[in-house]
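For reference, the structure is listed below as structure tokens.
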2 protein chains.
Amino acid sequence: MSTGDTGREAERGTERDYVQSLERGFAVLLAFDEEMSTPTLAELAAKTGLSRPAVRRLLLTLQRLGYVANRGTRWSLTPRVLTIGQHYSATNARIGLAQPHLLRLAERTGESASLAELDGAEVVYVARVPVRRIMSINVTVGSRVPAHATSMGRVLLAWAGPAAITRFLEETPLHRHTPRTITDPADLRMALAEVREQGWAIVDGELEEGLVSASAPVRDRTGAVVAALASSTSAGRLAPERLREETVPLLVETATAISTELGWSPRTPPVVRDGFF
Amino acid sequence: MSTGDTGREAERGTERDYVQSLERGFAVLLAFDEEMSTPTLAELAAKTGLSRPAVRRLLLTLQRLGYVANRGTRWSLTPRVLTIGQHYSATNARIGLAQPHLLRLAERTGESASLAELDGAEVVYVARVPVRRIMSINVTVGSRVPAHATSMGRVLLAWAGPAAITRFLEETPLHRHTPRTITDPADLRMALAEVREQGWAIVDGELEEGLVSASAPVRDRTGAVVAALASSTSAGRLAPERLREETVPLLVETATAISTELGWSPRTPPVVRDGFF
DNA sequence: GCAGTTTGTACGCACAGCGTACGACCGCCG
DNA sequence: CGGCGGTCGTACGCTGTGCGTACAAACTGC
């Protein structure tokens with residue numbers, strides 16, 4: 001193999017205290033996607049850049065563990081892959097606690113309710129009560145959307161701390177998804193300040209045309225914002241003004257209720273985590 | 001849980017064409033659970049039975065990949081773990097296709113709707129529209145429940161093929177969860193025959209007291225049953241008789257609609273996959 | 001029949017990954 | 001203050017895991 005990287009550390013897998021085979025195993029597992037839903041071994045080898053025997057060994061291992069299966073020469077993922085995520089939900093009490101609140105919020109607003117967290121420059125849905133299909137993509141728990149163009153992302157970034165915000169703005173290209181998407185770092189910084197001031201965010205059609213969502217922060221006992229609660233609708237169903245007047249109060253109320261269950265009190269001094277984003 | 005090794009060979013991991021490090025990496029990842037949500041390195045080593053340096057190498061690798069993070073000496077999973085499951089959903093068209101049908105079913109019945117698949121002796125939720133919290137455990141996509149005590153499991157087993165059914169009955173202890181749980185293999189076999197005959201299943205309080213659910217099969221273009229559609233409620237809200245009269249027709253109609261979208265036609269001769277369960 | 005393209009597998013070598021062993025760094029208590 | 005029990009980091013030499021090359025075998029099309 002010899003990635004030939006004696007240079008100034010291209011920082012690929014080859015490094016001390018790093019288990020190459022684990023990275024490779026994930027590479028194979030994640031190589032399954034909509035374009036390659038039932039690949040052959042050779043296709044996987046091509047996609048991952050690994051040798052055919054290596055992929056074979058990894059596949060056989062994953063098969064043993066129950067994550068892949070093969071029918072003839074074609075391989076596919078098994079539903080067990082979905083179960084891996086349960087370990088995240090199980091280790092974070094807030095997700096289970098939030099569920100009833102999400103249900104109630106969805107009932108009261110008649111719209112989908114979501115809870116999301118920040119992972120890098122993206123937002124990951126960690127709990128969700130769908131009511132109606134409004135986005136072109138099918139959003140489920142585990143789905144990722146860019147942070148800068150969503151109300152949940154704005155909320156999470158707003159309270160991520162100054163260093164994290166600066167780092168985010170420096171490192172993340174703000175892709176334009178619709179004509180309304182904020183793509184200027186300075187503009188986004190201002191938008192975040194506004195969110196911090198008012199205590200919630202509304203984003204109107206910046207990720208997808210006609211998609212409007214509102215979001216409010218969920219805090220843990222230390223006062224740090226650990227998740228964002230959101231209600232999404234299509235612009236046709238509910239004008240942004242009505243969203244602000246009717247939905248936002250419910251949203252803030254619900255987010256506060258979840259925060260309270262997490263041990264937060266309104267008197268808790270706000271804490272910024274920083275360092276991460 | 002290690003289903004069917006080819007014979008003697010109890011042999012854990014150590015075998016040709018097997019990547020030990022990958023298995024160990026998963027062991028570390030899955031060691032995070034409700035009892036150990038933010039473990040220390042030493043705790044993980046104890047739980048997995050691996051040496052401390054080994055766990056450290058694996059953790060650092062997982063951290064690089066973005067699946068774990070550490071705050072001081074405590075480690076935790078990141079929401080990225082949830083995203084792994086997306087690769088399963090993305091590779092199985094039926095899940096995306098079913099979503100609108102699930103929403104509509106939940107709307108029409110006023111109860112939670114679920115789609116599930118068989119994985120070993122358990123059933124895995126692969127799509128879900130929650131309406132109300134009825135189970136004591138929080139059911140989400142990726143959750144697992146025993147096949148023998150649920151309507152979805154009954155449906156999936158019923159059409160899994162005779163060999164698979166026999167193997168299931170031989171290998172799986174039918175745990176009693178409530179006084180009503182069927183725990184006798186012969187009884188379960190008869191129940192499955194009944195399900196096959198009538199084309200749907202109702203299970204009343206066999207997994208959890210007061211929990212009733214109905215389920216119907218979803219078929220792919222080959223006619224094989226690939227998933228089960230279910231509607232669940234609490235016995236207090238809806239008597240089993242009314243479930244049969246009102247919900248089952250909707251359920252069967254919806255399951256047929258999904259099957260049709262998957263390319264199945266009522267004229268397709270029924271095919272059994274067998275071999276797996 | 002024979003090329004072309006696939007997949008499965010044997011095998012010997014190298015280095016990735018292993019665990020032992022040791023040292024640093026806490027906080028606690030005498 | 002110093003010893004003690006707990007944590008973690010890491011140096012290091014050895015082993016065997018996991019590596020890719022190379023070849024066999026199966027299937028496909030003409």
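Every chain is numbered from 1, with letters handed out A, B, ... down the list of sequences.
- Rounded to an integer number of Å, the gap from CG of L58(A) to C1' of dG8(C) is 16 Å.
- In summary, the side chains of Q86(A) and S143(B) do present a donor paired with an acceptor at a separation below 3.5 Å, with no hydrogens or angles considered.
- Side chain of V19(A), nearest nucleotide from dG20(D), dC18(C), dG8(C): dC18(C).
- Nearest to the side-chain atoms of T73(B) among the listed nucleotides dT7(D), dT7(C), dG9(D) stands dT7(D).
- Figure legend: cation-pi geometry between R144(A) and Y125(A) absent, as NZ or CZ is not positioned both under 6.0 Å from the six-membered ring centre and within 45° of its axis.
- Rounded to whole Å, atom P of dG17(C) lies 10 Å from atom OH of Y18(A).
- Listed here is the closest heavy atom pair of L29(A) and L77(A): CD1-CD2, 3.8 Å.
- Between L60(A) atom CG and dA10(C) atom P there is a gap of 13 Å when expressed in whole angstrom units.
- A straight line from CG of L41(A) to P of dT9(C) spans 11 Å, rounded to a whole angstrom.
- When the nucleotides dT10(D), dG18(D), dG19(C) are ranked by their closest atom to the side chain of R56(B), dT10(D) comes out on top.
- For Q20(A) and dG17(C), the CD to C1' distance is 10 Å, given to the nearest whole Å.
- Evaluation of atom-type donor-acceptor distances gives a pair under 3.5 Å for the side chain of R52(A) against the base of dG8(C).
- In this structure, CZ of R24(A) is placed 10 Å from C1' of dA16(C), rounded to the nearest angstrom.
- Listed nucleotides dG19(C), dC19(D), dT17(D) differ in distance to R57(B); the shortest reach to its side chain belongs to dG19(C).
- With rounding to whole Å, L50(B) atom CG is found 17 Å from dC8(D) atom C1'.
- Take the nearest nucleotide of DNA chain C for G72(A) and for L22(A): the residue whose nucleotide is more 5' is G72(A).
- Close to dT21(D), at under 4.0 Å from its OP1 or OP2, lies no side-chain N or O of S51(A).
- Considering only side-chain N and O atoms, S21(B) lies under 4.0 angstrom from the phosphate OP1 or OP2 of dG18(D).
- A cation-pi contact, defined as under 6.0 Å to the ring centre and within 45° of the axis, links R64(B) to Y18(A).
- Taking atom CD of residue E23(B) and atom C1' of nucleotide dT17(D), one finds them 13 Å apart after rounding to whole Å.
- The nucleotide whose nearest atom lies closest to any side-chain atom of A42(A) is, among dT7(C), dC8(D), dC19(D), dT7(C).
- Between the side chain of R154(A) and the main chain of H148(A), a donor-acceptor pair closer than 3.5 Å is present.
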